[in-house]
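One structure below.
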Amino acid sequence: MTAATTLPPGRTLGVLGGMGPAATAEFLRLLALDVPASRDQDHPRIVMLSDPGIPDRTAAVLGDDTEAARRIRKHLFTLVEWGADLLAIPCNTAHALLDDIASELPAPLVDIVDATLDEAVRLSPEGGWLTATTGTVASGVYQKRAAARGYPLHVPRDAEQERVHAAAGLVKAGRTDEAADAFQDVVTSLLRRRPLPVLAACTELPLAHRASALPPESMVSSLHALSRACVAALL
């Protein structure tokens with residue numbers, strides 16, 4: 001590793017996890033692989049607050065409950081108090097709740113939506129499929145930002161969306177093999193209509209995709225996109 005790729009000393013990444021726990025663990029695994037390190041000391045310092053008790057983000061988007069957003073804001077401030085000078089949340093639907101608080105954050109947040117779209121544009125400039133929780137889809141956060149870039153982003157039909165959302169829930173329940181089967185069926189149907197990669201814009205979906213028989217190149221992983229963007233920001 002050259003000095004040009006060594007992480008600057010003293011940078012601390014604050015990770016707000018628990019939404020859900022398996023996705024958070026996978027994010028940390030990817031981050032350890034993506035850092036250009038040859039020894040322990042080359043990795044960034046990380047402080048993590050994992051709170052699986054944050055209320056359901058899709059329910060918050062579809063309803064008027066502000067508790068999830070309040071807890072997310074509180075935890076992000078706590079991470080900065082613990083020393084974080086860069087923040088990351090490995091949950092897409094949580095980002096749909098950040099509009100009202102983003103300007104208040106005392107440290108920059110690596111945005112998983114922008115990171116995922118950056119990866120999608122590089123991999124497939126002709127467009128992609130949005131696979132995400134129903135809350136993320138309903139919020140329009142991906143569709144609006146894709147439209148601002150002029151990037152064609154296609155949304156599954158209602159019945160397909162229900163199955164995608166259910167697949168994410170199966171991963172959260174530890175039933176990854178079932179999630180893989182359900183997600184594979186939906187993605188196969190989408191690819192028949194338009195042979196474009198799927199944006200796994202729920203952090204459980206890369207786990208379902210990896211456990212399936214789908215080819216790796218058929219997916220843009222929001223988890224891996226966030227990991228790479230965090231490393232780039234730390235560098």
Side-chain angles (χ1 to χ4, degrees), residues 7-8 10-21 23-32 34-35 43-58 60-61 66-121 130 132-133 135-137 139-146 148-149 199-206 220-235:
L7 293 176
R11 298 301 305 277
T12 299
L13 176 65
V15 178
L16 175 54
M19 301 176 284
T24 301
E26 176 66 2
F27 169 70
L28 293 174
R29 185 188 75 84
L30 291 169
L31 189 65
D34 286 335
V35 170
H43 287 269
R45 183 167 54 246
I46 297 173
V47 292
M48 187 176 78
L49 197 165
S50 183
D51 182 6
I54 294 173
D56 184 87
R57 281 67 62 196
T58 287
V61 170
T66 60
E67 177 61 15
R70 187 195 69 78
R71 291 265 284 272
I72 290 168
R73 179 186 182 279
K74 175 177 177 289
H75 292 335
L76 291 173
F77 273 76
T78 297
L79 286 167
V80 173
E81 291 172 6
W82 290 354
D85 51 28
L86 186 69
L87 299 168
I89 309 173
C91 172
N92 286 270
T93 316
H95 284 68
L97 303 172
L98 292 178
D99 282 350
D100 293 336
I101 63 175
S103 62
E104 305 174 18
L105 297 180
L109 175 75
V110 182
D111 193 295
I112 197 171
V113 178
D114 286 337
T116 304
L117 287 172
D118 287 344
E119 294 269 339
V121 169
L130 176 63
T133 66
T136 296
V137 174
S139 76
V141 61
Y142 268 90
Q143 298 94 309
K144 292 171 188 172
R145 296 198 201 175
R149 296 167 178 245
L199 280 66
C202 165
T203 50
E204 274 74 33
L205 294 179
V220 177
S221 167
S222 60
L223 272 178
H224 214 162
L226 179 63
S227 172
R228 290 174 178 142
C230 285
V231 172
L234 288 165
L235 286 172

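Keep in mind the model is a prediction, meaning the values are calculated, not measured.
Of the possible polar contacts, one joining the Arg57 side chain to the Pro55 backbone as a donor-acceptor pair under 3.5 Å is found. Within the 3.5 Å criterion, the main-chain N or O of Ala225 finds no donor-acceptor partner in the side chain of Thr116. In this structure a side-chain-to-backbone donor-acceptor pair under 3.5 Å is present from Ser222 to Ala200.
Closest approach of His95 to Val113, counting heavy atoms only: CB-CG2, 4.2 Å. Counting all heavy atoms, side chain and backbone alike, Glu204 lies closest to Ala23 at OE2-CB, 3.6 Å. Across every non-hydrogen atom of Pro44 and Val35, the tightest pair is CD-CG2, 3.7 Å. Between Ala88 and Leu13, the shortest heavy-atom distance links the atoms CB-CD1, 4.1 Å. Scanning both residues, Ile101 and Ala69, for their nearest heavy atoms gives CD1-O, 4.2 Å. The two residues Ala201 and Ala132 make their nearest non-hydrogen contact at O-CB, 3.6 Å.
Between Lys74 and Asp51 there is no salt bridge, since no side-chain N of the basic residue sits under 4.0 Å from a carboxylate O of the acidic one. The pair Asp118-Arg149 counts as a salt bridge, with a side-chain nitrogen and a carboxylate oxygen less than 4.0 angstrom apart.
Taken to the nearest 0.5 Å, the OG1 atom of Thr66 stands 10.0 Å off from the CG atom of Leu97. Taken to the nearest 0.5 Å, the OG atom of Ser50 stands 9.0 Å off from the NE2 atom of His75. Interatomic distance, Asn92 CG to Met19 CE, rounded to the nearest 0.5 Å: 10.5 Å. The structure places CG of Leu79 at 5.5 Å from CG of Leu49, a figure rounded to the nearest 0.5 Å. Interatomic distance, CD of Glu119 versus CG of Leu226, reported as 10.5 Å (0.5 Å rounding). From Leu31, atom CG reaches atom NE2 of His224 across 9.5 Å, with rounding to the nearest 0.5 Å.
Residues Arg73 and Leu98 fail the side-chain proximity criterion, which asks for heavy atoms closer than 4.5 Å. Contact annotation: the side chain of Val80 never approaches that of Leu105 to less than 4.5 Å [non-hydrogen atoms, C-beta and beyond].
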| said: Evaluate Leu76 against Ile89 for side chain to side chain contact (heavy atoms under 4.5 Å, CB included), listing each step before the verdict. | reply: CA-CA 9 Å; Leu76 291 173; Ile89 309 173; 4.0 Å; yes

| query | When you look at Leu87 and Leu16, which way does the side chain to side chain contact (heavy atoms under 4.5 Å, CB included) test go after all the steps? | reply | CA-CA 8 Å; Leu87 299 168; Leu16 175 54; over 6 Å; no

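Taking Thr203 as the reference, nothing meets the side chain to side chain donor-acceptor pair (under 3.5 Å) condition, with sequence neighbours excluded. In this structure Asp56 satisfies the side chain to side chain donor-acceptor pair (under 3.5 Å) test with no other residue, sequence neighbours excluded. Thr136 pairs by the side chain to side chain donor-acceptor pair (under 3.5 Å) definition with Thr93, Thr133, not counting sequence neighbours.
Here the rule is side chain to side chain contact (heavy atoms under 4.5 Å, CB included) with Arg11, and of Asp85, Ile46, Leu235 only Asp85 fits it.
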